[in-house]
Amino acid sequence: LLREALIAGLAIVVAGAVAAWRSARNAKALRFFWGFAASVGLTYANRIELLPLTPLMGAGSRRHVEHWMYGRLPGGVDGGIGQLVWEQVDSVGARRSVTERNRFTICVADLDSSLPYFHGVYLHPRRGLFPPYSDWLGRTPVRTVEVESAQFVERYELRAATDQDELLLRRLMSPSVVDWLAQHPLAPGFELKAGTLCLFVPRPIDDAGNLTFLIDAAAHLAERVRGEVTEQLARPAG
Amino acid sequence: MTATYVVLAGLALLALWSVLAYNGLVGSRNKVDESWSGIEVQLKRRHDLVPNLVETVKGYAAHERETLQSVTVARLAAVEAEEPAAVERAEARLSGALGGINALAEAYPQLRASDSFQALEAELAGIEDEIQAARRIYNSNVQRYNTRTQQFPTVLVAAMLSFAPRDFFEVEAPAERAVPQVAF
């Protein structure tokens with residue numbers, strides 16, 4: 001009886017310690033992200049759900065965004081940055097179990113003006129021989145796009161919607177963009193669809209330097225997309 | 001019997017490796033060719049822009065015939081160049097000649113202030129950036145390809161099947177090579 005009581009006591013102490021550790025960790029993350037959001041002029045929300053505007057934003061069978069910081073990003077684009085948690089849930093009878101859980105850092109920018117021109121551009125980091133997460137583009141109709149840089153191809157896989165204008169895509173993926181992405185320290189991927197640019201890194205980022213870096217990268221790419229749209233608008237029709 | 005199987009298995013592995021090495025070399029070489037086409041596209045954009053630039057400058061500084069002619073001649077040489085080495089020389093010359101137009105703009109404030117000249121200058125600057133990026137991509141591809149052709153054991157396949165090393169592409173205006181002089 002004494003032994004059972006000791007084990008139960010120990011289990012309670014361990015459970016209490018784990019709960020306290022998790023609570024402290026969450027509080028620390030909350031303080032950090034809230035402070036970071038304030039420092040870059042964004043508004044903080046602890047947990048939200050975003051519309052699945054791009055395939056990644058609709059990945060898995062359920063998803064939510066933690067530490068969402070939104071508002072006007074540098075470069076004058078509206079959007080936000082946060083950690084997307086997406087899970088694959090399998091059901092066997094009444095029993096449901098999470099078979100895959102991923103946490104990505106995403107930076108989303110509203111680019112409504114790109115809606116008529118970019119129907120789906122998906123740049124994903126290569127997943128390697130033993131992919132750590134499943135390909136969420138699985139059922140989306142896409143074609144693979146060849147890029148001339150060997151360094152870029154080693155790092156990324158570029159795919160586009162089957163109805164995506166090839167010329168416009170080539171102009172967006174100009175040598176300067178390809179070279180910039182091939183050498184970017186964060187190796188961010190992106191999806192451009194439905195007037196939304198979603199830049200992402202397939203891991204959680206929880207330091208101010210890399211978060212700022214990702215926001216800057218999104219602003220740079222958004223500027224590039226807007227430039228292409230402006231040029232397209234300036235071209236005579238036909 | 002076992003020894004025969006071992007030899008056969010060894011030969012099969014060697015054949016498989018040769019096919020993979022050959023395909024890898026072909027893939028690398030194709031990337032080099034693709035990226036060279038990328039450079040040519042950007043250079044053509046620059047060539048197409050030069051006549052407009054010359055015409056715009058003529059409107060403000062028609063008597064600067066020498067500078068304008070040197071740009072036109074350099075452009076023609078650049079358009080006609082085909083081999084990478086010749087392209088490299090011709091483009092360096094064109095860059096130098098375009099530098100002369102910039103110097104002209106300094107001497108003609110009205111030219112510098114004109115909208116069309118500013119737009120062309122901005123477009124030219126954008127194209128120059130793209131040329132630099134395309135050049136970096138090409139040189140990176142060449143470096144990978146050359147390394148592959150020189151590394152053991154791929155060098156054996158490269159030597160047998162004539163995979164010659166490629167040259168890097170260096171287009172720089174003479175002014176870019178010059179070391180900046182700082183005086184206090």
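In the text below, chain A, chain B and the rest are named by the order of the sequence lines, each starting its count at 1. Here the structure is a predicted model, which means the values were calculated and not measured.
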| Which atoms of A:Val153 come close to chain B, meaning under 4.5 Å heavy atom to heavy atom: side chain ones, backbone ones, both, or neither? | side chain

| said: Rounded to the nearest 0.5 Å, what separates atom CG in B:Asp33 from atom CD in A:Glu148? | reply: 12.5 Å

| field | Heavy-atom neighbours of A:Asp207 CG exceed 12 at 6.0 Å | value | yes

| query | Within a reach of under 6.0 Å around CH2 of A:Trp34, are more than 12 heavy atoms found that belong to other residues, nucleotides or ligands? | reply | no

| query | Would you call A:Arg171 and B:Glu130 a salt bridge, using N to O less than 4.0 angstrom? | reply | no

| query | Taking everything shown except B:Glu40 itself, do over 12 heavy atoms lie less than 6.0 Å from its CD? | reply | yes

| query | Are more than 12 heavy atoms from other residues, nucleotides or ligands located less than 6.0 Å from atom CD of B:Gln150? | reply | yes

| Do the non-hydrogen side-chain atoms of A:Glu154 and B:Arg144 ever get within less than 4.5 Å of each other? | yes

| Per-residue contact mode, A:Glu231 against chain B (heavy atom under 4.5 angstrom) | neither

| said: Looking at B:Tyr22, I'd like to know if its OH atom is crowded, meaning that more than 12 non-hydrogen atoms belonging to other residues, nucleotides or ligands lie closer than 6.0 Å. | reply: no

| request: Among A:Ser176, A:Pro175, A:Ser174, find the one that has a side chain to side chain contact (heavy atoms under 4.5 Å, CB included) with B:Gln42. | output: A:Pro175

| message | Tell me if the CD atom of A:Glu166 is crowded by more than 12 foreign heavy atoms within 6.0 Å. | response | yes

| field | Trace of the salt bridge (Lys or Arg N to Asp or Glu O under 4.0 Å) decision for A:Glu146 with B:Lys31 | value | CA-CA 10 Å; A:Glu146 286 295 322; B:Lys31 280 281 170 230; 3.5 Å; yes

| said: Given heavy-atom pairs under 4.5 angstrom as the criterion, report whether the side chain, backbone, both or neither of B:Ser140 touches chain A. | reply: side chain

| message | Can you tell me which of B:Val32, B:Asn30, B:Val41, B:Asn141 forms the most heavy-atom pairs within a distance under 4.5 Å of chain A? | response | B:Asn141

